[in-house]
Number of protein chains: 2
Amino acid sequence: MSTDEEIISKLHKLSITSTEVVRHEPVKGGVEWKVELEKVGKGGVGLTKTLLFKPKTAKSATPTPVLLIARESTQTSSSLLATQLNLKDLRLASLDLIKEVIPAAQTPEDVSPLLLTSPIPETLHVVLDAGLAESEEIFAIHGTTSGSSVFLKGTEIKIWLESLGGEVKVVDFGEAVTAPKKEEEKKEKTIPPNVPVKKEEGLYEMAIQYKKEENFSGWYTDVLIKGEMLDYYNISGCYILRPWSYSIWQEIQNWFDAEIKKLGVEDCYFPMFVSKTTLEKEKDHIEGFAPEVAWVTKAGESDLEEHIAIRPTSETVMYPYYAKWIHSHRDLPLKLNQWNSVVRWEFKNPQPFLRTREFLWQEGHTAFLTKPEAEEEVRDILDLYRRVYTDLLSIPVIPGKKSDKEKFAGGDYTTTVEGFIPTTGRGIQGGTSHHLGQNFSKMFGITVESPDKTITEPVHVYQNSWGLSTRTLGVMVMIHGDDQGLVLPPRVALQQVVIVPVGLSKAEGKNEGIFDKCRQLETTLKKSGIRAKADVREGYTPGWKFNDWEMRGVPVRLELGPRDIASNTVLAVRRYDGHKESLPLNDIEITIKDYLDKIQLAMLERAQVKFDAHVRTCTKWEEFVPLLDQKCALVVPWCEVEKCEDEIKERSKSQANKGVAEDAKAPSAGAKSLCIPFDQKRFGEFPHGHEQKCIQCGEKAKSWTMFGRSE
Amino acid sequence: MSTDEEIISKLHKLSITSTEVVRHEPVKGGVEWKVELEKVGKGGVGLTKTLLFKPKTAKSATPTPVLLIARESTQTSSSLLATQLNLKDLRLASLDLIKEVIPAAQTPEDVSPLLLTSPIPETLHVVLDAGLAESEEIFAIHGTTSGSSVFLKGTEIKIWLESLGGEVKVVDFGEAVTAPKKEEEKKEKTIPPNVPVKKEEGLYEMAIQYKKEENFSGWYTDVLIKGEMLDYYNISGCYILRPWSYSIWQEIQNWFDAEIKKLGVEDCYFPMFVSKTTLEKEKDHIEGFAPEVAWVTKAGESDLEEHIAIRPTSETVMYPYYAKWIHSHRDLPLKLNQWNSVVRWEFKNPQPFLRTREFLWQEGHTAFLTKPEAEEEVRDILDLYRRVYTDLLSIPVIPGKKSDKEKFAGGDYTTTVEGFIPTTGRGIQGGTSHHLGQNFSKMFGITVESPDKTITEPVHVYQNSWGLSTRTLGVMVMIHGDDQGLVLPPRVALQQVVIVPVGLSKAEGKNEGIFDKCRQLETTLKKSGIRAKADVREGYTPGWKFNDWEMRGVPVRLELGPRDIASNTVLAVRRYDGHKESLPLNDIEITIKDYLDKIQLAMLERAQVKFDAHVRTCTKWEEFVPLLDQKCALVVPWCEVEKCEDEIKERSKSQANKGVAEDAKAPSAGAKSLCIPFDQKRFGEFPHGHEQKCIQCGEKAKSWTMFGRSE
């Protein structure tokens, strides 16, 4: 039997690095334990439980026990577990069975996944709580000897178990979480699967627990929750958009809605439900969505005659009515948009804003008499999407065309604005504008008589559809956020300026003067349309307030104290770069307006520099994977043949494997084609001009194309 | 066997009045038929089919045939029919069986529901297409002799069949309607169950087919569809909000959202899904909604572990997180609102805007430390709801309190703005603002420590919830619409002014001058924020345009022709009263702005007059029902005891029966309590002051209370 140390060294071979052993008395909580905690960072450590179950089996049959490793806080319903493994009523195993499965264990308390030996016997089901498997948090696991613990990230526990061979089943108990009963329970229960267990109030509230560069996904979750952008919900893959994020979405809505109305688009609302038959009308299209469709089959107590889908997107919802409404070319163009939510029941790891089962978006659906008109709109809309990123969110993107492999199911071609997250080295699709050609109009019979009398056939209309979702908010956080928390671009921030009174005196009531001055300043700024707020909350120190607003990303903090008042100035602190300067209070509203505009631009410029450093042209395959592993997206000469696209993905995948084991989300992700940039010149002439070869097959290259890993 | 005439007279006894007999050759379509149509109005007549099916039964067993009466245009899937009746594979009956069931029939063509004799044999299933059963349209039914037809409203066919005794099953084939394949099919298929079959393009487009006073529900549907407010959808109870109506909703949203933000409310978005356990947390509450909840049980191919509900309202969705977010009294008040859609799967007759399975609304959910703060907000919000009706939609409402019987399930009390539709004599709940007290906070454990240190117990917060829905749009149409179509209040109209070129010359290109002038006028008006549009569409006559914009309710039409241009004037026509006057073109934008404001007010005043004429005080029971039958709501002295409320409903129901048979929607609806108006003085002192007796029980009356039939 191996010792903790031996296991640790094995783990290191698996490039698991965060582990360490801590000897201590069995967990009781309290001080003694907290001291140990220092070793694993202030965030606290999650507790785990390891349970062995015995399913009901015929006496004769060999028992097939179940070893479950779960968070302490997870409600591990044995019935749910049984159905998932499709076994009959699970009972906790007897000590005999325990000894049989884990010889090293003397008592039930000794049961530890670390005592498992390789290979895991076929008869043993090893089950891991999704709350662990998907978590970057650190957990205490019972070690190889009583009184010892090993600290591992949730994801590392999974890697360890898999290293023993045999299948490890991940079960999500998340959906079983019920609404809290008592104050006490609540705090536990409503904690989402992958949020750190809150050990001590204050601590948790006051700081972001991870470094963006070290543990990106932990950092992302933590920033979103502590920044009050969203909260987890007790249905996995669904999230609550709190005012702090929803207000940003509203800013995007207001701007974009005004712009499309200038283009003659009108807003409307179609039902969220689609009948099965209608949904399945366009084959390629439904193929793309079928696996993720949520079905309503019951209303009240009665079963529905025909199952009804919740729209994953609205092409098939709307187009039968386009066919009904469009009689003559005079009814064209028809340009409708709706702001709604759609449901795509993905089973992949959900991620706030980026991969959620319900999300908010706008979807535009337009019909034209001629292809050129339609294609012009595709580009007009795409440019609005670009401006949402560059002008509103200070984020650089590359407009381009998707390869045929990556285009929208059922459309002619797809245009996209591609973003890029330097920290993860992943490309991200920012918004897409599709030209559907006549594919749907033929399917749904959307025709008009040609105004050209010589043409007697009915003409099928040309259609576009285009959508932008709340994913924008996730990209914004990933691009601008830092180790202190959110960093919001002024244009979309619900609070652009926060005014904090400082230099306060301990004596009661001595500070009213300062508070009033802060309130006056708030009024002055508000009058000229600046979203300002004076934080005159009692019972919080200035320091606490600074940290609070920094975590929430307010672009400018104004500190106002007796000295400032005396000198008729205020101290301005910029969130995005921490720069401090004293500003005169005279005409402060003009100064601040300009100040905010400059920040908006500076944030874009800073992001652009990082972007350009990570989006690299590359013409030699030898350089491709190494650059990929340096978290770059690569703009390469490509022949635009799908086979090459697949090859590139395959080759970069396999070769990458060693390099990126720490990449939790897709350990061996290959590079996909992200887009063929419209602005080819941006990347200069091909080194050998027309002679340039495709980086993969060596045939003649057609275009610079952006390849990379992607979200 | 009875003749058509005999049947007609029977029908008259059932107070079915719209019927008449028309002899003609079997329908071929074409002129000859159209002449007949004149008899039943320009809208055209719907065609029907009557089919006899034989289910698969054991040789020995007595056959249980199925007689189906359906619209010609309905896809009558026999499999759907079979499952509904839970019979095995239905085949069309042989002539023998036909003769057995309907002796009078000599050929399959002769089969007619009018040949059925009373009582209908137990072995015969009589099935009526919902498209007929729920329709106020007129349909041709095969008469008692070949070559004769009888014209009946869909609803009257139902009444006739029921008069024969035996059960009549209504089956909705609507959901089976599939998206159209060919141009031809389309026109048929996408016709919603209860919209008149379109006989000739022009005809259908050009006029509202019903008189508001004569056939209200037919009129309402027709106005909504021809006014392009909405369209029917192939899932019953769901409707499409077209830009013409959605833009009005956006106007309401923008105004209301700005107002609540002044009150410190913030917008957010919670998921549309609720887990079963959470939904059922508050017993009274769920009892109120359970029968109408839509359940998601499948995603893609896999069945869900726990069934997931689509929110019927969000109390139980949000409050577990209120419990999580509210730690200290410093976190109060918490004021959140969301703009979303909710689903209530009602099985009652759906009605556009008023009773739909999915509808758009806002729901506010707020939490306070003290009851007085909460109660103040309840009234503040209610007053905003009042202003949505009076200021934006020019509709009078009465603010008041619901009786305990009518309050929100799970709340302390409900306040409401009650509207009233004079044409139907029905009250309608315009919007409700609920005080929930501590009921939900106790259920979900939403507590804070009292700022008052002497109080050691945790304090449960006081909560409100309040909602306003797209039902507002339905009320607006019902109140202001007339026999020409919609009449929109200027403040919410997507187009406030339409400019129509008139006095055009036949000669090509001679009219450009007029068209340009119209475009200039559009620009001038738009510059000063008036939503104006010049209708310079080619190929339509001015008359056609007049009618088109009248039907769509545009508040002001400006006619501009050579003569007007010469005299530098324009002819203005007001939609709401048809008034015409010539206005100088100088400073036209100022004139029109003021003109629109006056219309907005005048529409409210006109509605108020009608409202007051129909909302009558009444202190004697003898006058109660007669006034009710004169389509009034009654403000009566009431003791506020629930038993009396029930009694009043019962007595007014039974007594009313004769009077209101023509009221299709609820032939014998009794009077419910609508609200206890806050402004009691409005109705003057009780005639006998404190001695005034309750109109029902004769005990001491507590308040003037508004009773009436309701939507």
Side-chain angles (χ1 to χ4, degrees), chain A residues 80 175-176 178-183 186 190 231 233-235 238-243 246-247 250 266-273 275 277-278 281 290-301 305-308 310 316 320-321 323-324 330 336 341 345 358 360 444-445 447 458 537 539, chain B residues 80 83 175-176 178-183 186 190 231 233-235 238-243 246-247 250 266-273 275 277-278 281 290-301 305-308 310 320-321 323-324 330 336 341 345 358 360 444-445 447 458 537 539:
Chain A
L80 188 151
E175 298 201 359
T178 60
K181 272 195 200 45
K182 289 191 268 66
E183 273 297 310
K186 186 187 64 200
T190 52
D231 208 334
Y233 189 65
N234 70 355
I235 293 175
C238 296
Y239 303 89
I240 299 160
L241 298 195
R242 302 185 67 176
Y246 191 79
S247 58
Q250 281 183 316
E266 296 182 301
D267 287 332
C268 63
Y269 188 79
F270 277 72
M272 71 158 85
F273 297 117
S275 72
T277 34
T278 315
K281 189 116 185 74
E292 301 174 355
V293 171
W295 293 98
V296 175
T297 67
K298 277 185 61 180
E301 281 313 305
E305 192 55 47
E306 190 192 20
H307 290 182
I308 294 175
I310 302 177
T316 56
Y321 299 90
K324 184 182 169 196
R330 294 207 201 86
L336 297 182
S341 85
W345 207 268
E358 179 191 8
L360 300 177
F444 288 93
T447 60
R537 285 177 290 177
Chain B
L80 188 153
T83 31
E175 300 200 358
T178 60
K181 272 193 201 47
K182 290 191 271 65
E183 270 298 307
K186 186 187 65 199
T190 54
D231 208 334
Y233 189 65
N234 70 355
I235 292 175
C238 297
Y239 303 89
I240 299 160
L241 298 194
R242 301 184 68 176
Y246 191 80
S247 59
Q250 280 182 317
E266 295 182 303
D267 287 332
C268 63
Y269 187 79
F270 277 72
M272 72 157 86
F273 297 118
S275 72
T277 35
T278 314
K281 189 119 186 67
E292 301 173 356
V293 171
W295 293 97
V296 176
T297 68
K298 277 184 61 179
E301 282 313 303
E305 193 56 47
E306 190 191 20
H307 291 182
I308 293 175
I310 302 176
Y321 299 90
K324 185 182 170 197
R330 294 209 200 85
L336 297 182
S341 85
W345 207 268
E358 179 192 8
L360 301 177
F444 288 93
T447 59
R537 286 178 291 176

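Every chain is numbered from 1, with letters handed out A, B, ... down the list of sequences.
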- Nearest-0.5 Å distance, OG1 of residue A/T297 to NZ of residue B/K298: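 Answer for the OG1-NZ pair, A/T297 versus B/K298, is 8.5 Å.
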- Item | From A/L80 atom CG to B/E306 atom CD, the distance as rounded to the nearest 0.5 Å | 9.5 Å
Within the structure provided, determine whether [X] and [Y] are in side-chain contact (heavy-atom separation under 4.5 Å).
X      : Y      : answer
A/I308 : B/W345 : yes
B/I310 : A/F273 : yes
A/T278 : B/Y233 : no
A/F270 : B/D231 : no

- Message: Please enumerate all residues that pass side chain to side chain donor-acceptor pair (under 3.5 Å) together with B/R330, with sequence neighbours excluded.
- Response: A/Y540
- Item | Results of side chain to side chain donor-acceptor pair (under 3.5 Å) for B/S341 - residues two or more places apart only | B/E358
- Side chain from CB out, backbone as N, CA, C, O: work out which of these in A/P271 comes under 4.5 Å of a heavy atom of chain B, or both, or neither. both
- Task: Give, as side chain, backbone, both or neither, the part of A/A294 having an atom under 4.5 angstrom from any heavy atom of chain B.
- Result: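 The answer is both parts of A/A294.
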- Compare every heavy atom of B/S275 with every heavy atom of A/I235, then report the nearest pair and how far apart it is.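 So the minimum-distance heavy-atom pair works out to CD1-N, 3.6 Å.
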